[in-house]
Amino acid sequence: MYETRESEAIRQRMEELRCDLDEDIQEIVEGARDMGDWRTYVRTYPWACLGAAMAVGYLIVPRRVFRMQPDAQTIAELAKQSRLLATSAVPTKSSARGILLAIVGNLVLRGVSSFVGQQAGKLFASEAVDSQQGDQP
């Protein structure tokens, strides 16, 4: 009789632990899902995200090039200082082609990145569902 109460207490404690474990796993899965979603960070830390976006934008945008039409003497001085930058004022076909290629490449990269993110989300969600179904008696 003493063993039955003890074994019943052990069974009840094991059932409580299983329920707690299921809840903990669900919280971990939700937390992992939130960590991968950039919208969560924007909702939680809007000013920090705005500052980070501004800093990245500042670093990405190239500096403005100082242009002038110097005379021969100024060109000679700049060449001596190694600050001479010669550019063509006429756009070439390769630059337009390069811009188009960069745009298409960016679109393809974003599409692949989105696809990989979706597949990873499906994989993690299916693993969480499988583990929850495996824990149920």
Item to check | Distance-minimising heavy-atom pair for Thr40 and Thr44 | outcome: O-OG1, 2.7 Å
Checklist entry - side chain to side chain contact (heavy atoms under 4.5 Å, CB included) with Cys19: which residues, sequence neighbours excluded? => result Glu15
Next on the checklist: With a 4.0 Å cut-off on N to O distance, would you call Arg5 and Glu8 a salt bridge?
Outcome noted: no
Next on the checklist: Which residues end up grouped with Met14 if you chain together Ile, Leu, Val, Met, Phe, Trp and Tyr wherever their side-chain heavy atoms are less than 4.5 Å apart?
Outcome noted: Ile10
Under 3.5 Å, side-chain donor or acceptor atoms of residues 102-121 against the rest of the protein: list the pairs with distances, not counting sequence neighbours.
unit_1: Asn106; atom_1: OD1; unit_2: Arg110; atom_2: NE; d: 3.4

Between side-chain atoms of residues 51-58 and protein atoms elsewhere (two or more places apart, or another chain), which donor-acceptor pairs fall under 3.5 Å?
none

Checklist entry - Hydrophobic clusters join Ile, Leu, Val, Met, Phe, Trp and Tyr when side-chain heavy atoms are under 4.5 Å apart, directly or via other members; which others share one with Leu17? => result none
Item to check | Listed partners of Gln12 passing side chain to side chain contact (heavy atoms under 4.5 Å, CB included), at least two apart | outcome: Glu16
Checklist entry - Can you name the side chain to side chain contact (heavy atoms under 4.5 Å, CB included) partners of Glu23, sequence neighbours left out? => result Asp20
Item to check | Qualifying salt bridge (charged side-chain N to carboxylate O under 4.0 Å, His left out) pairs with a residue from residues 38-61, counting only residues at least two apart or across chains | outcome: Asp37-Arg39
